[in-house]
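Just below is one structure, and these are the notes that go with it.
Residue numbering restarts at 1 for every chain, and letters A, B, ... go by the order of the sequence lines.
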Amino acid sequence: MIKKMFSFILIIFLFLILFELLNNLTENKKLSGVAKEYAERGAAELGTANLVTSIVVTYRGLDTLGEVSVLFIAATGVAVLLRRRKDEEILIQKVKRQSSEILQTGTDLLVPIIIMFGVYIFINGHLSPGGGFQGGAVIASAVLLSFLSDINYKINHTVFGLIESLSGVFYVLIGVLGIFLAGGFLDNRILPLGEYGTILSAGAIPLIYTLIGLKVGTELASIIDNMKRDSE
Amino acid sequence: MDKLPEIILHISTYFVSAGIILATLRLIKGPTMADRAVALDTFTVISISLIVLIACIAGRVIFLDVGMVYAILSFIGVVAVARYIEGGL
Amino acid sequence: MNIIHVIGFALMLIGIWGMLTQKNMIKIILGLAIAETGVQLVMVAFGFIKGRTAPILDAAVPVKDAVDMIVDPVPQALVLTAIVIGVAVNALMLTFVIKLYQKKRSLSITEYKDLKW
Amino acid sequence: MNKIVKIVFSTIVLTLFYFIWTRTTSVNNILVIAGLGLFVSIIYRNYLRSPILSPKKIAYAIFYVFYLFIEIIKANIDVALRVIKPVIPINPGIVKVKTKLKSPMGRLLLTSSITLTPGTLTVDIDGDTLYIHWIDVKDKEESGATEKIVSNFEKYLEVIFG
Amino acid sequence: MSWNSLLGSIITLLGSIFLFLGALGVYRMPDLYNRMQAGTKSTTLGTMLTLLGIGICHYEWLGQVLILIIFIALTNPISSHALARAAHFKGIPLTAKSVTDKLKEEESKAEVL
Amino acid sequence: MELQQGIFVLMGLAMIVAAILAMYVKDLVSSIIAVGVVSLFASILYLLLQAPDVAMTEAAIGAGLSTLIFLYALHKTKDAEEEND
């Protein structure tokens with residue numbers, strides 16, 4: 001009871017703080033300084049049409065590197081924690097129900113289309129909304145649909161681990177190349193900028209986003225695989 | 001008179017929003033989790049229309065990409081809930 | 001855009017209230033997810049400018065007029081990162097819940113008193 | 001040989017899909033797209049068998065799409081009329097029907113069409129037997145229900161998927 | 001005002017009315033399977049018509065809109081089939097008005113054997 | 001502009017209702033579905049706030065994958081419980 005009262009008082013305090021914040025909020029009419037700079041220079045300097053991409057990949061590239069590391073650490077943590085030792089008691093495995101024939105046929109039909117759409121999302125990240133993270137999530141969901149439709153489906157851990165580590169290494173390598181060949185870490189101008197508005201433009205951004213997409217996709221798929229694996 | 005198509009589009013947006021509210025009511029009421037899953041299914045399909053309507057009113061073709069991602073992920077979500085219910089996860 | 005701030009703050013409060021009062025550990029994590037959504041909504045709303053369009057330059061937004069036509073892209077980039085990290089953190093916490101459950105066979109937080117003095 | 005046909009077919013489908021979605025015109029982009037489509041279809045191997053095309057099949061497919069669209073509209077007007085009445089007039093039940101189709105793709109299209117058309121919803125499939133929830137049961141027996149629900153679509157799908 | 005935008009907006013309005021009726025059906029129908037009937041059919045046609053109308057309004061979007069329509073027409077029946085199958089397996093009952101349930105008879109026969 | 005305000009209000013109300021439902025419904029699966037619905041509504045609001053990138057991320061990760069991870073975790077904690085009693 002005391003605990004509930006305490007939480008109630010805390011919520012009231014929080015409410016008062018937020019209310020005060022809301023009262024003093026002023027509507028902004030134009031872009032802030034740094035955003036204005038990005039909007040003016042982004043398209044001409046980096047050749048990207050999507051300004052969010054130019055911020056995520058290049059201007060704030062180090063943040064993205066940190067984020068990818070956090071994701072990697074989380075995936076590793078899940079894998080290490082859910083690893084099963086020999087001496088632990090083994091739960092009795094329940095009989096799983098096989099999915100219907102319709103769902104299996106539908107999965108065979110839809111998975112290539114979904115993977116292709118994921119590829120579209122991360123390779124067109126500099127022209128349309130999306131990028132490595134979203135594309136990776138879409139590819140991971142294609143793997144997941146295979147898991148759902150077939151209870152015996154297994155992913156190839158060697159290939160997935162290889163793709164994950166190789167894309168991570170190449171991502172950092174491209175970043176370091178940027179220091180030597182262009183203006184700084186993760187600068188995309190190590191490759192020619194190309195014609196504005198086509199797929200192969202904006203220097204290294206499609207390459208970087210492909211690597212991020214593969215890495216995020218394999219990591220999310222391996223998180224799901226670890227969560228799925230029952231007592232085997 | 002020039003504004004007629006725009007006004008009709010706005011009216012359709014309100015119809016679609018009303019549909020979402022009804023699906024939400026089923027989500028609240030639904031006695032079992034399968035009923036709530038049906039509400040989720042209905043709601044996601046209606047939302048795709050809403051997204052495309054927003055894209056039309058804003059006049060940006062790029063919003064359609066969001067609609068496609070939404071369609072893919074909502075389909076997989078409903079299938080996952082179904083597989084959970086029948087115990088095949 | 002005052003409405004959107006109100007919605008975001010309300011979601012934050014509901015999520016935190018749920019986290020503080022619920023007993024089930026999975027519900028606590030769900031409360032965290034709701035609060036997260038609220039915070040992200042408020043952050044995106046801070047970058048919104050009335051009457052402007054998305055920061056993607058195509059046929060609808062010519063490059064030279066971009067400064068006067070687009071909303072602020074910086075909060076959007078930040079929130080993008082926050083969402084991905086959010087799901088990773090959720091997965092990690094759920095893993096802890098699974099491990100705790102395998103030890104004590106209970107999802108209720110009141111069962112775990114080992115650190116209480 | 002069969003494998004190569006599969007890969008080429010799936011590459012063409014994926015490239016077409018990507019091309020319509022991006023509406024690009026530059027040759028460079030199309031080459032990139034075709035390469036990606038080939039890559040995806042090689043790594044994903046268990047793609048469905050490509051149907052052997054012939055003019056008769058294409059004509060039947062076009063007829064089928066039109067027929068299906070008309071049926072869907074009829075289904076919707078039916079459901080809409082039921083919904084707006086103060087007391088919903090229904091007479092539901094699950095009936096059993098048989099199908100003659102053998103190819104998985106044909107069965108997928110058959111069950112999807114049944115789900116989309118008047119008052120019927122596929123609940124389960126077990127070999128050749130379909131279990132269908134019918135909002136207004138007109139015939140409880142297997143043969144009569146098969147006649148009323150399945151045979152209209154089967155006529156077209158049998159030709160298309162042979 | 002051009003003819004195509006007027007036609008497109010009218011088709012969109014029709015589609016949105018179907019969507020609304022589908023949602024109403026989901027709210028009003030007595031049991032899960034009937035709700036699913038209303039939910040799947042009306043919302044699929046409603047979405048198809050809404051998207052088609054917008055494709056007619058902005059005819060340069062037509063290709064993308066058609067792909068979305070095909071995708072929805074393929075996925076929506078599959079997901080509702082999976083849901084109906086799961087619900088029947090779990091034993092969620094049909095409404096009292098139902099006249100027959102062959103699948104249940106089949107299952108109980110299998111259990112006896 | 002009134003249209004936008006109207007959708008904001010409707011969506012916001014639905015979101016808050018779904019959030020409260022998620023916290024107070026007994027059944028955990030319904031609770032997870034409700035959180036997924038909150039994420040999907042948030043995705044539409046991001047679109048109205050002119051942030052398509054964020055809307056896509058929220059739809060893909062917040063509503064899709066995170067719901068599934070919750071379902072898997074629930075599955076793993078549930079089946080042992082049924083054996084227990």
Side chain, backbone, both or neither of [X] within contact of chain A (heavy atoms, under 4.5 Å):
| X | answer |
| --- | --- |
| Met19(C) | neither |
| Thr81(C) | both |
| Ile16(C) | both |
| Val42(C) | neither |

Nearest heavy-atom neighbours spanning [X] and [Y]:
| X | Y | answer |
| --- | --- | --- |
| Leu20(C) | Leu10(A) | CD1-CD2, 3.7 Å |
| Val52(A) | Pro73(C) | CG2-CB, 4.2 Å |
| Leu80(C) | Glu67(A) | O-OE2, 4.2 Å |

Are any non-hydrogen side-chain atoms of [X] and [Y] less than 4.5 angstrom apart?
| X | Y | result |
| --- | --- | --- |
| Ile83(C) | Phe133(A) | no |
| Val70(A) | Val84(C) | no |
| Arg60(A) | Leu78(C) | yes |

What is the distance from atom [atom1] of [X] to atom [atom2] of [Y], rounded to the nearest 0.5 Å?
| X | Y | atom1 | atom2 | answer |
| --- | --- | --- | --- | --- |
| Phe9(C) | Phe15(A) | CZ | CZ | 11.0 Å |
| Gln76(C) | Ile55(A) | CD | CD1 | 8.5 Å |
| Ile85(C) | Leu71(A) | CD1 | CG | 8.0 Å |
| Asn226(A) | Thr95(C) | CG | OG1 | 8.5 Å |

What part of [X] lies closer than 4.5 angstrom to a heavy atom of chain C: side chain, backbone, both or neither?
| X | answer |
| --- | --- |
| Gln134(A) | side chain |
| Phe8(A) | both |
| Ile223(A) | side chain |
| Leu21(A) | side chain |

Practice task
Flag the one option from Val56(A), Val216(A), Val78(A) with the top tally of heavy-atom pairs under 4.5 Å to chain C.
Solution key: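 Looking at each option in turn, the highest pair count goes to Val78(A).
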Problem - Whether over 12 other heavy atoms sit under 6.0 Å from Phe170(A) CZ - result: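 At most 12 heavy atoms, drawn from other residues, nucleotides or ligands, come within 6.0 Å of this atom.
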Handout entry: Lys99(C) side chain vs Leu81(A) backbone, donor-acceptor pair below 3.5 Å
Key =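 Yes; judged by distance alone, with no hydrogens or angles, the pair exists.
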Handout entry: Among Ala10(C), Ala82(C), Ala77(C), residue most engaged with chain A (heavy-atom pairs, under 4.5 Å)
Key =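 With the most close heavy-atom pairs to chain A, the winner is Ala77(C).
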